[in-house]
Amino acid sequence: MIHTLKMYLPIPYQDVQELNKRFNIKSFEVNKFIEGRFPGVTMSLSAMGKGQWKLSMFIDAIELLNKPNIAEGDYPKMEEEIRKILLYLFLHSSAYDDHVLQRIDYRYDVFVDNQIIRQLLLDIYKKTTRIYKRQNKILGYIDKETKKYKPYKTTVDHTSGSIKSTVYLKNEERIAKGEVPKYYEKDILRFEVQLWEDHMYYQERIGQRSRKLREYMKDDMYKEYFNERIFSIFFKGDFHKIDQARNIIYDSSLSASYKRKLVDFLKKVSSYDVSTPLKNMSKKTLNSRLEMLQDLGINPILIPKNYTNAPSTIINPLKDFQDNTK
């Protein structure tokens with residue numbers, strides 16, 4: 001459920017001064033002193049002005065709790081561990097009461113032991129819709145040095161200034177960075193929703209929820225964001241080659257006209273991506289086609305016909321999401 005998170009905690013300057021005295025360090029040495037002192041936690045102290053400082057914390061929850069699957073029931077332990085850090089630094093943990101959550105990453109891992117299938121799924125996801133609720137599909141980046149476009153090798157992103165929905169090959173990503181995959185990352189296809197500061201600030205401003213970790217560690221919140229920001233982009237339904245999809249459609253109770261329209265729709269999506277049919281139809285019609293396919297258990301993105309060693313059908317890796325998050 002939870003992967004990483006970021007927060008800041010207001011710290012009175014008096015607490016910073018007392019920390020300096022107790023550990024015999026100067027203010028500019030504080031960040032070096034606390035660097036790497038706690039597993040999975042990166043911290044820095046900085047002045048906010050008017051006698052107020054802030055402690056910024058970036059936390060890998062899995063590393064901090066030494067537990068790969070973290071859910072709502074783990075919140076008390078998360079709070080306890082963060083308060084332990086504050087107690088070590090300032091001899092009290094009252095700053096936690098005023099913490100402000102700035103980012104949280106929800107994750108769902110699917111074990112796919114076949115490397116060919118993992119790569120095929122990533123290539124399939126490159127054909128998702130180009131934009132969803134201001135989240136633009138990003139398949140690469142501009143290299144700062146060469147100024148040339150470089151495609152991502154392990155990731156498909158849909159991002160705005162406040163939310164990112166992503167799918168990536170965790171094992172391959174670690175290796176590409178020259179890192180060793182953790183035991184729980186091997187052969188993993190990871191789906192992730194990242195909520196950023198602007199989104200959390202907006203939710204608080206409209207009275208939806210406060211920027212507190214307890215609010216965002218609720219299981220229902222996790223499911224809500226995944227249903228809205230993952231399934232609406234990557235879709236439900238299994239993946240098929242065109243022949244298998246056509247058979248399912250023509251065996252259904254739909255009218256002959258709609259059967260032809262759905263097969264034609266799948267071919268248009270297959271030619272480029274899910275947004276391609278919008279050249280010839282309205283968004284309302286496109287959504288209607290997607291709903292029909294979902295009712296038939298068909299993902300709108302086909303398995304490429306000529307993909308080397310590709311099977312005729314792949315069960316949607318998100319199929320067990322609801323069962324695994326009850």
Side-chain angles (χ1 to χ4, degrees), residues 1-6 101-110 121-142 149-170 173 188-206 208-209 211 215-216 218 220-237 239 265 268-279 281-291 293-294 299-301 316-318 321-322 325:
M1 173 186 172
I2 301 296
H3 183 203
T4 53
L5 58 103
K6 181 181 179 183
L101 192 63
Q102 296 174 285
R103 170 180 161 179
I104 193 165
D105 298 352
Y106 297 127
R107 62 182 253 275
Y108 181 69
D109 289 351
V110 183
L121 284 167
L122 190 75
D123 291 339
I124 284 172
Y125 287 131
K126 291 176 183 177
K127 292 191 173 188
T128 50
T129 184
R130 285 169 226 168
I131 185 169
Y132 174 77
K133 290 191 174 181
R134 299 183 181 178
Q135 289 179 242
N136 293 289
K137 182 168 60 180
I138 308 293
L139 298 177
Y141 66 99
I142 302 297
Y149 175 83
K150 287 191 174 183
Y152 291 141
K153 294 181 179 179
T154 62
T155 307
V156 175
D157 285 339
H158 286 74
T159 184
S160 66
S162 58
I163 296 180
K164 180 163 79 170
S165 304
T166 185
V167 60
Y168 60 106
L169 309 178
K170 188 61 189 177
E173 183 215 38
I188 287 296
L189 180 71
R190 176 170 292 176
F191 296 87
E192 198 167 81
V193 178
Q194 297 179 7
L195 307 181
W196 297 342
E197 189 169 17
D198 285 353
H199 177 77
M200 294 180 174
Y201 174 75
Y202 176 74
Q203 293 298 306
E204 184 175 63
R205 187 167 63 84
I206 64 174
Q208 194 71 23
R209 64 188 67 89
R211 288 181 287 171
E215 291 293 317
Y216 284 88
K218 293 178 179 177
D220 286 345
M221 192 70 56
Y222 166 55
K223 293 177 185 178
E224 178 184 321
Y225 277 107
F226 251 74
N227 280 323
E228 180 183 355
R229 301 288 177 162
I230 292 293
F231 286 110
S232 298
I233 294 173
F234 300 107
F235 305 110
K236 299 178 181 178
F239 300 98
F265 178 81
K268 287 178 180 177
V269 170
S270 186
S271 70
Y272 195 72
D273 64 22
V274 175
S275 298
T276 302
L278 287 172
K279 294 178 181 178
M281 66 177 60
S282 68
K283 187 67 180 291
K284 183 178 179 181
T285 301
L286 182 141
N287 288 334
S288 174
R289 300 283 191 272
L290 292 174
E291 287 178 12
L293 289 169
Q294 179 173 301
N299 197 289
I301 308 173
N316 193 319
L318 288 164
F321 176 81
Q322 295 294 346
T325 55

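Side chains included, hydrogens not; waters and symmetry mates left out as well; all remaining heavy atoms used. Predicted, not measured: the structure shown is a model, and the values here were computed from it.
The CG atom of L290 lies 8.5 Å from the CD atom of Q294; values are rounded to the nearest 0.5 Å. Rounded to the nearest 0.5 Å, atoms CD1 (I2) and CD1 (I104) are 3.5 Å apart. Atom CG of L5 is separated from atom CG of L195 by 11.5 Å, given to the nearest 0.5 angstrom. Going from atom CZ of F234 over to atom CG of N299 covers 11.0 Å, rounded to the nearest 0.5 Å. Within the model, atoms CZ of R103 and OG1 of T4 stand 5.0 Å from one another, a figure rounded to the nearest 0.5 Å. One finds the CG atom of D157 at 6.0 Å from the OG1 atom of T155 (value rounded to the nearest 0.5 Å).
For the pair S160 and W196, the tightest heavy-atom approach, listed with the atom from each and the gap, is O-CZ3, 3.2 Å. The heavy-atom pair separating G140 from I138 by the smallest distance is O-CG2, 3.3 Å. Of all heavy-atom pairs between Y108 and P317, the closest is CE2-O, 4.0 Å.
Remark: the backbone N or O of R211 is not paired with any side-chain donor or acceptor of Y201 at under 3.5 angstrom. For K126 (side chain) and L139 (main-chain N/O), no donor-acceptor pair under 3.5 Å exists by modelled atom type. Using a distance-only test at 3.5 Å, with no hydrogens or angles considered, a donor-acceptor pair links the side chain of Q135 to the main chain of H158. A donor-acceptor contact shorter than 3.5 Å links the side chain of T166 to the backbone of V156.
Taking the side chain to side chain contact (heavy atoms under 4.5 Å, CB included) definition, one finds that I131 meets it with N136, sequence neighbours left out. Residues passing the ring pair (Phe, Tyr, Trp, His ring centres under 6.0 Å) test with F226, sequence neighbours excluded: Y222, F321. Applying the salt bridge (Lys or Arg N to Asp or Glu O under 4.0 Å) criterion to K284, with sequence neighbours excluded, gives no partner residue. Residues passing the ring pair (Phe, Tyr, Trp, His ring centres under 6.0 Å) test with Y168, sequence neighbours excluded: none. Every residue two or more places apart in sequence or in another chain was checked for a salt bridge (Lys or Arg N to Asp or Glu O under 4.0 Å) with E224, and none qualifies. Residues satisfying the ring pair (Phe, Tyr, Trp, His ring centres under 6.0 Å) criterion with Y272, sequence neighbours excluded, are absent altogether. Every residue two or more places apart in sequence or in another chain was checked for a salt bridge (Lys or Arg N to Asp or Glu O under 4.0 Å) with R134, and none qualifies. Contacts of S271 classified as side chain to side chain contact (heavy atoms under 4.5 Å, CB included), with partners at least two apart in sequence or in another chain: T276. Residues satisfying the salt bridge (Lys or Arg N to Asp or Glu O under 4.0 Å) criterion with R130, sequence neighbours excluded, are D273. Shown here are the side chain to side chain contact (heavy atoms under 4.5 Å, CB included) partners of Q208, two or more places apart in sequence or in another chain: Q203, I206. Residues that satisfy the side chain to side chain contact (heavy atoms under 4.5 Å, CB included) test with S270, not counting sequence neighbours, are K127, L302.
In this structure, the side chains of L169 and L189 come closer than 4.5 Å at one or more pairs of heavy atoms. Using a 4.5 Å heavy-atom threshold, the side chains of D105 and V193 count as separate. At least one side-chain heavy atom of V274 sits under 4.5 Å from a side-chain heavy atom of F235. Proximity of S165 to F231: side-chain heavy atoms (C-beta onward) are nowhere separated by under 4.5 Å. Residues K133 and R229 have side chains in contact (heavy-atom distance under 4.5 Å, counting atoms from C-beta outward). Counting heavy atoms from C-beta outward, Y216 and M200 have side chains that approach closer than 4.5 Å.
Of the residues L278, T129, V269, the one that meets the side-chain contact (heavy atoms from CB on, under 4.5 Å) test with L286 is L278.
By the neighbour-count criterion of 12 heavy atoms within 6.0 Å, atom NZ of K6 is sparsely surrounded, having that number or fewer from other residues, nucleotides or ligands.
Annotation: salt bridge (charged side-chain N to carboxylate O under 4.0 Å, His left out) contacts involving residues 188-198, sequence neighbours excluded, comprise D109-R190.
Between Y141 and Y152, the angle of the ring planes stays under 30°, which puts this pair in the parallel group of the 30/60° scheme.
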Verdict with reasoning, K137 to Y125, per side chain to side chain contact (heavy atoms under 4.5 Å, CB included) | CA-CA 10 Å; K137 182 168 60 180; Y125 287 131; over 6 Å; no
